[in-house]
Amino acid sequence: MGAPADLRAWIALLDREGELVRISAEVDPDLEITEINDRVVKSGGPALLFENVKGSRLPLLVNQFGTERRMALAFDAPSLDDVGRKLGDVLEMQPPEGLVEKVRGLQKLKSIADSRPKTVRSGAVHDVVLTGDDVDLDLLPIQRCWPGDPAPFITLPAVITHDPQTGARNVGMYRMQKVDKRTTLMHWQIHKDGRADYLFANGRLEVAVALGLDPVSAYSASAPLPKHVDEFMLAGFLKGSPVELVRAKTIAVDVPANAEIVLEGYVEQGDVAPEGPFGDHTGYYTGVEPFPVFHVTALTMRRDAIYPSIVVGKPPQEDAWLGKATERIFLPAIRMSVPELVDYDLPVAGAFHNCCIVSIRKRFPGHAQKVMHAIWGLGLLSLTKSVVVVDEGVDVHDYEEVFFRVGANVDPARDVMLTEGPLDHLDHAPTRQFYGGKIGIDATHKGLEEGTRDWPPEIEMSDEIRERVSSRWAEYGIALDVAARNGQMRQSSATPLVRR
Ligand SMILES: Cc1cc2nc3c(=O)[nH]c(=O)nc-3n(C[C@H](O)[C@H](O)[C@H](O)COP(=O)(O)O)c2cc1C
Ligand SMILES: [Mn+2]
């Protein structure tokens with residue numbers, strides 16, 4: 001079947017799977033949709049297609065990614081870990097031995113070849129083309145998400161730029177505050193590739209913004225790839241078919257041919273305006289800062305275009321699942337440089353940059369500290385504020401178990417490392433923006449090798465007794481809800497989101 005080819009195929013799939021509700025009652029994009037969506041997201045409810053949004057003829061789709069099931073469905077995969085394995089298979093490709101392996105190797109090479117975006121001559125995104133004075137962002141049902149937001153924000157865009165020096169494409173997801181009919185702001189944070197393209201520009205930088213993509217392409221805009229890697233290539237690879245691009249109408253940038261909506265335009269060096277405040281994924285309002293002004297030169301759309309939106313706020317929100325997809329998909333890539341890493345978890349409540357729990361195969365004294373430093377040196381993970389390291393065999397997704405290890409295995413005077421480094425653009429806690437303290441907690445076992453006392457053995461029942469009790473269980477006549485027994489100690493607000 002394959003991953004959905006465009007937003008419409010995705011909506012049809014969601015519908016068939018009972019994962020979509022159409023709402024015909026008129027709703028206000030000013031705050032009302034946020035409150036409706038918030039209740040649905042928090043109860044694990046369906047994607048919402050609002051067909052009658054006040055002030056616009058376009059329907060609005062929200063919560064398309066709001067559960068683990070829908071996120072896996074988007075990739076046409078049984079689970080997010082399967083998507084990660086697909087990438088891992090290619091990263092860890094070895095010279096094939098024997099015919100079967102050679103054929104399998106060729107299939108992998110084909111999947112890499114397919115990942116290259118393909119240029120096509122025309123696309124449905126150009127059904128409607130508005131340029132110059134006809135450009136009117138008021139046509140779109142842009143949400144104002146939270147009471148403290150000063151304006152509506154476009155929240156689920158794929159922003160396409162090219163590196164002025166190398167020509168390499170970059171696609172990123174950055175919120176865009178609406179200023180007027182033909183202008184928005186572009187919230188490029190300082191650590192992001194999109195920002196770097198802008199800073200390299202000598203004067204003007206052309207920018208295209210695609211709205212309403214197939215779910216894998218939309219996801220890929222949020223993926224933390226190295227700067228020189230095109231996010232649409234990742235999308236093509238994960239979809240198993242190339243992203244189809246068509247030349248934009250007013251700028252020299254290619255845009256997804258089947259996007260619902262595209263905004264074409266430019267930003268210019270020195271042309272900035274105050275952005276925010278914005279009710280952010282940190283759970284707080286991000287303050288006002290200057291950001292580049294995006295001038296829209298064309299608005300193109302499919303006939304009966306559908307506008308996509310997402311609401312961030314106090315976690316958990318829909319973006320939790322975009323983050324969890326990244327966590328799972330990038331595990332094999334992280335293992336390429338940190339092979340001792342068994343698994344990791346970025347708790348949703350930690351807004352992704354606040355906390356990272358890793359389990360490692362510990363081999364030598366200081367190994368946990370090595371891995372902390374590796375995390376603090378890896379791509380956007382480098383912004384992580386706290387790293388907790390546990391031994392292999394500890395389930396990093398089980399926060400009760402992690403808490404148990406931290407409590408039991410840590411001598412705070414010995415196992416807590418405080419250091420400093422770059423912090424997330426949105427982190428309001430450090431005294432200085434962008435830079436501050438980091439904490440590493442080594443909750444692995446220690447022992448004589450690391451200069452501590454002998455480490456005691458953990459309590460485990462013997463296999464023999466376990467098996468005996470299992471086989472005799474009926475005899476005892478004790479009725480037990482097995483799920484409850486296993487889960488009893490773990491039921492808390494910290495129940496992990498990803499269960500495998
Ligand atoms: C819903 C959502 C909204 C986001 N908003 C922003 C934003 O406003 N500014 C930003 O710099 N990153 C934002 N991000 C994170 C970036 O999309 C992400 O870091 C991506 O890797 C950036 O791509 P780049 O490194 O190619 O620039 C957002 C992510 C999601 C899922
Ligand atoms: Mn990038």
Side-chain angles (χ1 to χ4, degrees), residues 34 37 41 61-66 71 74 143 145-146 149 153-163 166 168-178 184-200 205 207 209-211 213 215 217-235 267 275-282 285-292 294 308-313 315-327 329-330 333 346 348 351-353 378-384 422-427 434:
T34 300
N37 183 55
V41 168
L61 177 71
V62 71
N63 201 23
Q64 59 177 304
F65 298 118
M71 201 70 226
Q143 276 187 270
C145 295
W146 298 104
D149 295 0
F153 285 78
I154 295 173
T155 50
L156 199 62
V159 177
I160 306 162
T161 52
H162 289 271
D163 183 320
T166 67
R169 179 174 23 240
N170 190 71
V171 190
M173 185 175 286
Y174 326 98
R175 66 163 185 258
M176 297 158 60
Q177 179 176 338
K178 185 179 159 199
T184 79
L185 302 173
M186 191 62 81
H187 191 256
W188 277 316
Q189 296 164 14
I190 62 162
H191 305 106
K192 308 302 169 73
D193 299 341
R195 171 75 152 229
D197 285 350
Y198 165 68
L199 292 178
F200 284 139
L205 178 74
V207 181
V209 176
L211 294 161
L213 300 176
S217 297
Y219 157 74
S220 70
S222 76
L225 291 174
K227 172 128 181 22
H228 59 280
V229 182
D230 177 0
E231 282 80 1
F232 281 158
M233 204 152 98
L234 176 71
V267 293
E275 199 263 6
F278 178 70
D280 225 314
H281 82 120
T282 56
Y285 284 101
T286 297
V288 177
E289 276 184 82
F291 275 95
F294 174 55
S309 193
I310 189 168
V311 179
V312 300
Q317 297 286 349
E318 180 184 351
D319 62 319
W321 292 105
L322 289 169
K324 282 290 161 190
T326 288
E327 180 200 288
I329 291 169
F330 281 77
L346 303 171
V348 168
F352 293 98
H353 57 258
L378 266 182
L380 289 179
L381 270 180
S382 65
L383 306 177
T384 304
L423 293 174
D424 193 90
H425 195 125
L426 303 178
D427 192 334
F434 308 128

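Counting from 1, the numbers follow the sequence of the chain as shown. Atoms within a ligand are numbered from 1 in the order they appear, just like the ligands themselves.
- Among all non-hydrogen protein atoms, the one lying nearest atom 19 (O) of ligand 1 is Lys192 NZ, 3.1 Å.
- Asp193 contributes OD2 as its N, O or S atom closest to the Mn ion (ligand 2).
- Residue contact check: Asp193 has heavy atoms under 4.0 Å from atoms 24 (P), 25 (O), 26 (O), 27 (O) of ligand 1.
- At least one side-chain heavy atom of Thr161 sits under 4.5 Å from a side-chain heavy atom of Trp188.
- Considering backbone and side-chain atoms alike, Thr155 places every N or O at 3.5 Å or more from each N or O of ligand 1.
- Polar contact check, Trp188 against ligand 1: no nitrogen or oxygen pair lies under 3.5 Å apart.
- The residue Lys227 has no part lying near ligand 1, judged by heavy-atom distances below 4.0 Å.
- The closest approach between a heavy atom of His425 and any atom of ligand 1 is not below 4.0 Å.
- Each of the atoms 26 (O) of ligand 1 lies under 4.0 Å from some heavy atom of Val171.
- In terms of heavy atoms, Leu380 sits closest to Pro224 at CD1-CB, 3.9 Å.
- The closest side-chain heavy-atom distance from Ile154 to Lys178 is not below 4.5 Å.
- The distance from ligand 1 to the heavy atoms of Gln189 drops below 4.0 Å at these ligand atoms: 7 (C), 9 (N), 10 (C), 11 (O), 12 (N).
- The Mn ion (ligand 2) lies closest to atom OE2 when only the N/O/S atoms of Glu231 are considered.
- A distance of 6.0 Å or more separates the ring centres of Tyr285 and Phe278.
- Of the polar atoms of Gly194, at least one N or O is found under 3.5 Å from an N or O of ligand 1, judged by distance alone.
- Heavy-atom proximity to Ile310, at under 4.0 Å, picks out these atoms of ligand 1: 1 (C).
- For ligand 1, the atoms closer than 4.0 angstrom to any heavy atom of Leu322 are 31 (C).
- Closest to atom 21 (O) of ligand 1 among all protein heavy atoms lies Ala223 O, 3.2 Å.
- For atom 20 (C) of ligand 1, the nearest non-hydrogen atom of the protein is Ser222 O, 3.6 Å.
- In this structure, Leu225 CG and Ser220 OG are separated by 8.0 Å, a value rounded to the nearest 0.5 Å.
- The aromatic ring centres of His353 and His191 sit 6.0 Å or more apart.
- Separating the NE2 atom in His162 from the CG atom in Asn170 is a distance of 9.5 Å, to the nearest 0.5 Å.
- Salt-bridge annotation for Lys227 and Asp193: absent, with no side-chain N of the basic residue lying under 4.0 Å from a carboxylate O of the acidic one.
- Between the side chain of Glu318 and the backbone N or O of Gln64, at least one donor-acceptor pair lies under 3.5 Å.
- Remark: Met233 CE is loosely packed, at most 12 non-hydrogen atoms of other residues, nucleotides or ligands lying under 6.0 Å away.
- Between Asn170 and ligand 1, an N or O atom pair is found at a separation short of 3.5 Å.
- Ion pairing of Arg175 with Glu275 is present here, as a side-chain N (NZ or NE/NH1/NH2) and a carboxylate O approach within less than 4.0 Å.
- His187 and Glu289 are not linked by any side-chain donor-acceptor pair at a separation below 3.5 angstrom, with hydrogens and angles left out of the test.
- Every atom of ligand 1 with a heavy atom of Pro224 under 4.0 Å away is listed here by number and element: 21 (O).
- Across the listed options Met176, Met173, Arg175, Met173 owns the non-hydrogen atom lying nearest to atom 2 (C) of ligand 1.
- For the pair Leu380 and ligand 1, the shortest N or O to N or O distance does not fall below 3.5 Å.
- Looking at atom 27 (O) of ligand 1, its nearest protein heavy atom turns out to be Tyr174 OH, 2.5 Å.
- Atom 9 (N) of ligand 1 has His187 O, 2.6 Å as its closest protein atom, hydrogens excluded (heavy atom only).
- Within the 4.5 Å cutoff, side-chain heavy atoms of Asp149 are placed close to those of Cys145.
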